[in-house]
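Note that this is a predicted model, so its numbers are computed, not measured. Below, each value reflects all heavy atoms present in this structure, side chains not excepted, and no hydrogens, waters or symmetry copies.
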Amino acid sequence: MDKKYDSLNKDQKKAVLHTEGPLLILAGAGSGKTRVLTHRIAYLIEEKKVAPWNILAITFTNKAAKEMRERVDSLVGSGSEDIWVSTFHSTCVKILRRHIDKIGYDRYFTIYDTDDQKKLIRDCMKQLNVDPKQFKENSILSSISSAKDKLLTPKKFEKQAYEYRDQVVSKVYTMYQDRLKKNNALDFDDLLVKTVEVFRLCPDVLSYYQDKFRYIMVDEYQDTNHVQYIFVGLLASRYKNLCVVGDDDQSIYRFRGADISNILDFEKDFRNAEVIKLEQNYRSSKNILEAANQVISNNYGRKNKTLYTDNESGDLINYRCLQNEQAEAEFMAGEIIKGIESEGRDFKDYAILYRTNAQSRVIEERFILNNIPYKIVGGTSFYQRREIKDILAYLKTINNSTDDIAVKRIINVPRRGIGTTTINKVENYAYNNDVNFFDALCEVSQIPNMTRSSKKVGAFTHFIKVLRVEMATMSLVDLTNEVIERTGYVKELEAEGTDEAHGRIDNIGELISKLTEYENNEEEPTLNGFLEEVALIADIDNYNEETNVVVLMTMHSAKGLEFPCVFISGMEDGLFPSYMSISSGQQEDIEEERRLCYVGITRAKQKLYLLGANSRMIRGMTQYNQVSRFIKEINNKLFDLEYTKPVQDMPNEKTSFRKNAHSFLKSNPYVVKKNANKMPAPGNFTLNYEVGDLVKHMKFGIGEVLAIQPGGADYEVTVNFPSAGVKKLMARLANLKKA
DNA sequence: CGTAGTTTTGTTTTT
DNA sequence: CAAAACTACG
């Protein structure tokens, strides 16, 4: 056997060599599970002589899939391109593109994202006269989605809808599903549901894939939902060479239907399943790992395992409660600068993790001010931007005119004088004659009282039809440029002339380059193929750890990643754990948050900061939160108390019952008070300018110094720039030169 | 039909 | 605090 397998530890090796029959690998955080998976695939191909095309590996993100393929490549040399390594969703799309016609769908279906789903649901509610005040589309959407997860068809759902609300949902669900089919569209849940449907209705198709995928591996098994569980079960039922990898402590997608019992009951589902635990952590320092273990030990119903590491104890954990979210951001910026200047760190060594995407804003503002390069992963992603969705809607309309949602999106964008009254008339006509929206538009002359707008509608449908013909002889980039040109989309933005409009134009340029990239990389680039790729992409897929920038993301997005230094921002009750999880009163909700905390902590290799703010602006309201309960679950011996300085002024008496970091630590027996009040000196450098001087800044140009204040290890300099206004800068970062 | 101005609403997390 | 939804007017 090749010596590359010798680098594995005993348990890892056991997992690699166990190739036949069901296998559950309980892989703790940082225990090298990706190494195990890649080596296992290599072993199957090299030593067991399994054909690469007989292997299916399912990962959580496209990024993970790509990485896995690359790593297998470097282990086995070649052949990895024939392995199916992809996410659940892309795997299903691949299967459905070949076989969905067997259950009465068109193989060129489009994929609806959450935005599209919401619009369609709203249309259905309108049609059914469901009061949107009484029934929120979001809650209806999540009911429908969870019904699909459980493989409840509209018919089955109707049968068990006893309550009034369920009956309403049932009506909407039935119509929604019907409209999806008419639009020749599938939503995310459908990708799984329809694949299972194909498998169940067409035994020959199922049989083909069972035989093809003799060896199946599923990563992040703790986050699979019911359909995914059924999907895997169906595929693996013939050979039973199913290897699932997961960690029940890292199950963080319950809100999306993930069912933790899939992993907890694996041994029941597959008798004689082998179970291997990977408990040695190679990632984090002892202190960090111990903190993580302490937090997670407060959960019930876990698989019994304890992570250990041979790594050094490392630094203590830096827990701090700052005055407000601005101070929190400022502190992070300062620490990063310090690390770069005095510890030789790079920007890319740092990750900032938070509970909610909204928290990124303040941090982003601070980083811009301090010239810290950063990248935000998640939130409103590129493909969710209005201008991008608009252009894509044109492409979708050209690609598939039955996609009502896309057509409606662009029918009057840019304005061409087709307003709500016209649209309503066309909509009614479409509904009454059971045709698609675009077809109705084409038959505009049949619709009564439409003399005025029929000309404009005709021009629009003609435009689309022309492009549809031209498409055959054009590249995708040319087609898109043609759309932009002939609609005057960019021209209109130029006329606006605002910063925002220019940003949108830049984004459209970015879309063009993504199209170019797609056309260059793909052997057979098609419009449909591009739209599919776009639909299934997640923001994390574009994250590149090589780029030397600080990365900001939610703890959910950070799963599977690791960084030398990690900040977790917003360690406050009500934010993390979230208000929702506290107020629901359900133990499970808090436990899920705790698992998320465990995920967050275990991302750190060397240095961990847990930060909170005394007050924080949330949705326009200032909130005073208590210290997160998760902080209290960590033994104070692990905190670097030297840096846990007290929060001085409380905002007012009303909030005095809330514990701040200081009073908590004071009342805690573990606390050894050590220089608790000492502020770090302003550092060993001096400023060569003073108040009243003119200074020069890289970005803002020349300005006048209004004030200089010592703050932490640095000076905060207030400068009035004629071009940019008054800015507060950290002296170390701003690199101001006397002018 | 389009616009500007006003009111309401919402936030966990995402393939 | 924003974005979305609504309202009133030309």
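Every residue two or more places apart in sequence or in another chain that forms a side chain to side chain donor-acceptor pair (under 3.5 Å) with R302(A) is listed here: D249(A). With sequence neighbours left out, D259(A) forms a side chain to side chain contact (heavy atoms under 4.5 Å, CB included) with S261(A), N262(A). Listed by chain and residue number, nothing satisfies the ring pair (Phe, Tyr, Trp, His ring centres under 6.0 Å) test with Y489(A) (two or more places apart in sequence, or in another chain). Applying the ring pair (Phe, Tyr, Trp, His ring centres under 6.0 Å) criterion to Y229(A), with sequence neighbours excluded, gives no partner residue. With sequence neighbours excluded, the residues satisfying salt bridge (charged side-chain N to carboxylate O under 4.0 Å, His left out) with K126(A) are E427(A). Remark: R386(A) pairs with no residue by the salt bridge (charged side-chain N to carboxylate O under 4.0 Å, His left out) rule, at least two apart or across chains.
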When the side chains of residues 528-537 of chain A are checked against the rest of the protein, which donor-acceptor pairs come out under 3.5 Å, sequence neighbours left out?
residue : atom : partner : partner atom : Å
N528(A) : OD1  : N399(A) : ND2          : 2.8
E532(A) : OE1  : R97(A)  : NE           : 2.7
E532(A) : OE1  : R97(A)  : NH2          : 2.9

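Side chains of Y383(A) and D113(A): no donor on one and acceptor on the other come within 3.5 Å.
Proximity of a side-chain donor or acceptor of D219(A) to a complementary backbone N or O of T59(A) within less than 3.5 Å is not detected.
Among the heavy atoms of the strands lying under 4.0 Å from M617(A) are primed sugar atoms or P, OP1, OP2 only; no base atom is included. Using a 4.0 Å heavy-atom distance criterion, R595(A) is classed as making no nucleic acid contact.
Annotated stems with DNA chain B as a participant read B:1-10 with C:1-10, given as range with range, by first number; only runs of 3 or more Watson-Crick or G-U pairs under 3.5 Å qualify.
Considering V232(A), V218(A), L235(A), L242(A) as possible partners of L56(A), the one that fulfils the side chain to side chain contact (heavy atoms under 4.5 Å, CB included) test is L235(A).
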Polar pairs (N or O, both sides) under 3.5 Å between protein and nucleotides 2-4 of chain B?
residue : atom : partner : partner atom : Å
dG2(B)  : OP1  : G417(A) : N            : 3.1
dT3(B)  : OP2  : R415(A) : NE           : 3.3
dT3(B)  : OP2  : R415(A) : NH1          : 2.9

Identify each atom pair where a protein N or O and an N or O of nucleotides 5-10 of chain C are less than 3.5 Å apart, giving names and distance.
residue : atom : partner : partner atom : Å
dA5(C)  : OP1  : R122(A) : NH1          : 2.8

- [ ] Mark up nucleotides 10-15 of chain B, 5' to 3', with B wherever a protein heavy atom is under 4.0 angstrom from a base atom, S wherever such an atom reaches only the sugar-phosphate, and - elsewhere.
- [x] BSBBBB
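Only at 4.0 angstrom or more do the heavy atoms of residues 216-225 of chain A sit from any atom of DNA chain B, so none qualifies.
Figure legend: K408(A) and F437(A) shown as a cation-pi pair, the cationic atom lying under 6.0 angstrom from the six-membered ring centre and within 45 degrees of its axis. A cation-pi arrangement is absent between K559(A) and Y253(A) under the rule of less than 6.0 angstrom and at most 45 degrees off the ring axis.
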Open item on the list: Under the criterion salt bridge (Lys or Arg N to Asp or Glu O under 4.0 Å), I'd like the reasoning laid out for D390(A) against R504(A): C-alpha separation, chi angles, the key distance, then a yes or no.
Closed with: CA-CA 11 Å; D390(A) 285 345; R504(A) 293 191 192 280; over 6 Å; no
- [ ] Quick one: do E328(A) and R366(A) satisfy salt bridge (Lys or Arg N to Asp or Glu O under 4.0 Å)? Show the steps, please.
- [x] CA-CA 10 Å; E328(A) 189 192 35; R366(A) 186 78 224 174; over 6 Å; no
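Separating the CG atom of D115(A) from the P atom of dA3(C) is a distance of 14 Å, rounded to the nearest angstrom.
For the C1' atoms, the distance from dA5(C) to dT12(B) is 23 Å, rounded to whole Å.
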